[in-house]
Structures are given as structure tokens and as C-alpha cells.
There are 2 protein chains.
Amino acid sequence: MADIHPEHAHIIEQTKANMPSEEILEKTAEVFKVFGDKTRIRILAALSEGEMCVCCLCDLLEMSQSAVSHQLSVLKAARLIKSRREGKQMYYSLDDAHIGAILCTGISHVEED
Amino acid sequence: MADIHPEHAHIIEQTKANMPSEEILEKTAEVFKVFGDKTRIRILAALSEGEMCVCCLCDLLEMSQSAVSHQLSVLKAARLIKSRREGKQMYYSLDDAHIGAILCTGISHVEED
DNA sequence: AATTCATATGAATGTTTGTTCATATGTTCA
DNA sequence: TGAACATATGAACAAACATTCATATGAATT
């Protein structure tokens, strides 16, 4: 760690004061981390078209049921999606509109290049 | 991979048709992945208050110069930040307003709980 | 009750990744 | 030109992670 330059001290203090808390920033990073995987993004993109059962997701993504289920559990733990059972099947959907909005923001950023 | 249920086939096809391309989704995941680290989020949050040199960031984050520089290079490679040199120092700033917007969206989601 | 279908989950494995340490590059100033 | 300062970068290492395989749970159907 470098020594602090006196003339920088107040910039540092002021920036620190205006930034969100460490706790908020840590949680924010955790949320983005969950979005930061191709399989999970594909799941979220699919669910933003409407709820879907696990086997549909497997077919759509052309991935094993196990791999999909593991990622669904990550998404669920992060409260990005929710589930409901209907008979033997589980239907998953985005937890709230906010999730779709975050996804769209990211996609828009990529598309605008 | 499970067998495709005939009654699901059209849902799958329709969802597939409405989803962004694989390429877009992959790039989107890559972008979110870059946001998905505490150190990088802290850097972005600091830079959203204004441009800052590397040593300021080190002091503010209380991290080694090397660790900060490595993450700055990740952020730069992903075109989330840009840099300019002023004498011996490098000043970093958010690449465009879009980056700040994505960050805010994530922070808001965390704060609203 | 037993079988089948749909999904979840634990352990193992190979890969990715963030930090550290050591060192290189580039700039200023004497 | 040489010393000092600011930043970048390569290699190494430990920790985190995504998928696979095997198996468990849970619901429907016979």
C-alpha cells in the first residue's frame, strides 16, 4: 500500500463519504456475480419470456437436467427466481420485475456497440 | 438430457425465437461477471464519484497497488473504465454513463430489500 | 405398494479467478 | 544520466465455481 498523499486526502474522504456502504457494495457484487454466468443468463432470458418447467429449460438450453437444476438452485438462493410445483413438475419464474430490468440493462449495453 | 414432451415443443420454440442470440447472451454474462466482484464494484462505485488516480484508489480501498492495478486492467479490458495519464499518474474514470447506470440498477436492487 | 417420471442434491474434478510477490515499464526531476 | 516515484505485468498459489456422475426425494399412476 502506497503512502497517502496529503493533497489527495480530502478527495479520498469525500469519495468514501458518498459511496454506498461496504455491505451494500458487497451484496451488489454478489448479485452481479449470479448474473455473470452464461448458463444462468440463458435461464433468466428464457424465464423473462414467462414461467417454465425444468425439463423445458433443459430442452431449450440443451443441457443436462443436473446442470440446470444446480444453476436454478443458485438463482433461487439469490432470490432472482421463484418456483411453484404443479404435480410432478416445478415451474420457475423471475422473482420480480426488477430482475428482468437488470437483465435488460445488461443486454442493452451489449447490443449498443 | 430428458426427452422433449410434444406439448412443450412449441413453448420451447417460441421462447427460443424471442430470446436474444447466444452471442448477445454470452457477452452479457461476461459484462455482469466483471461487475461481479467486490473489489471491482468498489472501484466502480468510487469512480462514479469522479475520476481518480491509482494511488487514491489504493488508499481508499486499503488494498495493494498491484491488486488494484490488476483489477483496473480487467475493468479496462471490458471497457467499463478508461484512463488518461497526467505526468506520473494515471487517472481512471467510468467509460460512459451507461456503466454508472448499470451499477446504480444493481445497488438499487440490493437497497430495496 | 411398486413403478415411473420430474427434480434435487452430494461428491468429485477440472477450470477459472483474485491476490501476492517480484520485477518491469514509464515519467519526472535533480 | 541516474534516482525516485507511479503504475503495469508475469508467475505462482489458494479459493471459488460449473459440470458430471451417481443417487436421493417427491409426486402421480397402475
Side-chain angles (χ1 to χ4, degrees), chain A residues 1-8 11-12 25-26 29-44 47 51-78 81-93, chain B residues 1-8 11-12 25-26 29-44 47 51-78 81-93:
Chain A
M1 247 162 297
D3 290 337
I4 299 184
H5 289 204
E7 71 270 28
H8 288 159
I11 291 185
I12 293 170
L25 292 176
E26 170 133 41
E30 289 308 311
V31 169
F32 280 128
K33 188 178 293 180
V34 178
F35 279 89
D37 173 80
K38 193 192 180 187
T39 296
R40 289 191 294 262
I41 282 285
R42 293 171 79 214
I43 292 174
L44 293 172
L47 297 185
E51 72 169 6
M52 200 168 293
C53 64
V54 178
C55 60
C56 275
L57 283 169
C58 292
D59 294 337
L60 193 152
L61 306 180
E62 299 180 78
M63 287 184 65
S64 75
Q65 179 269 316
S66 182
V68 172
S69 262
H70 274 295
Q71 294 307 336
L72 286 170
S73 81
V74 171
L75 289 165
K76 183 119 186 259
I81 60 175
K82 59 190 181 206
S83 61
R84 76 179 173 84
R85 181 178 280 282
E86 187 174 308
K88 281 183 283 191
Q89 304 182 16
M90 290 292 275
Y91 283 84
Y92 283 90
S93 55
Chain B
M1 249 161 297
D3 291 336
I4 298 183
H5 289 203
E7 72 269 28
H8 287 160
I11 292 185
I12 293 170
L25 291 176
E26 170 134 39
E30 289 308 312
V31 169
F32 280 128
K33 188 178 294 182
V34 178
F35 280 89
D37 173 79
K38 194 190 178 185
T39 297
R40 290 191 293 264
I41 283 285
R42 293 171 80 213
I43 291 174
L44 293 172
L47 297 185
E51 72 168 6
M52 201 169 292
C53 63
V54 179
C55 60
C56 275
L57 283 168
C58 292
D59 294 337
L60 190 151
L61 306 180
E62 298 182 77
M63 288 185 63
S64 74
Q65 180 268 317
S66 181
V68 171
S69 262
H70 274 294
Q71 295 308 337
L72 286 170
S73 81
V74 172
L75 290 165
K76 183 120 185 256
I81 60 175
K82 59 190 181 203
S83 61
R84 78 180 173 84
R85 180 178 281 281
E86 189 175 306
K88 282 182 282 190
Q89 304 183 13
M90 291 291 275
Y91 281 85
Y92 283 89
S93 55

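Below, chain A is the first sequence line, B the second, and so on; all start at residue 1. Since this is a predicted model, take the numbers as computed values, not measurements.
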*Starting at atom CZ of R84(B), determine the distance to atom P of dT7(D), rounded to an integer number of angstrom.*
12 Å
*Which atom of V54(A) lies closest to which atom of S69(A), heavy atoms considered*: CG1-OG, 4.2 Å
*Name the nucleic acid region contacted by K38(A), choosing base, sugar-phosphate or nothing; use a 4.0 angstrom heavy-atom cut-off, strictly under.*
nothing
*Nearest 0.5 Å, what's the NE2-CE distance between H70(A) and M63(A)?*
10.5 Å
*Within this structure, what is the CE-to-P distance between M90(A) and dA28(D), rounded to whole angstrom?*
12 Å
*What are the two closest heavy atoms between K76(B) and I81(B), and how far apart are they?*
N-CG1, 3.7 Å
*What does K76(A) touch in the nucleic acid at a heavy-atom separation under 4.0 angstrom: a base, only the sugar-phosphate, or nothing?*
nothing
Report each atom pair, protein N/O against N/O of nucleotides 19-26 of chain D, whose distance is under 3.5 angstrom.
from    : atom 1 : to     : atom 2 : distance (Å)
dT19(D) : OP1    : T39(A) : OG1    : 2.7
dT19(D) : OP2    : Q71(A) : NE2    : 2.9
dT20(D) : OP2    : S64(A) : OG     : 3.3
dT20(D) : O4     : H70(A) : NE2    : 3.2
dC21(D) : N4     : S66(A) : OG     : 2.6

*Mapping G36(A) and Y91(B) onto DNA chain D by nearest heavy atom, which one lands closer to the 5' end?*
Y91(B)
*Just checking Y92(A): base, sugar-phosphate only, or nothing, at a heavy-atom cut-off of under 4.0 Å?*
sugar-phosphate
_Interatomic distance where CD belongs to Q89(A) and C1' belongs to dA27(D) [whole Å]_ = 11 Å
*Send over the distance from L72(A) CG to dA18(D) C1', rounded to a whole Å.*
14 Å
*Non-hydrogen atoms of C53(B) and Y91(B) that approach each other most closely*: N-CD2, 3.7 Å
*Atom CG of L61(B) and atom P of dG18(C): how far apart are they, to the nearest Å?*
15 Å
*Donor-acceptor under 3.5 Å (R40(A) side chain, K33(A) main chain)*: yes
*Partner set under side-chain hydrogen bond (donor to acceptor under 3.5 Å, both in side chains) for E51(B), not counting sequence neighbours*: R84(B)
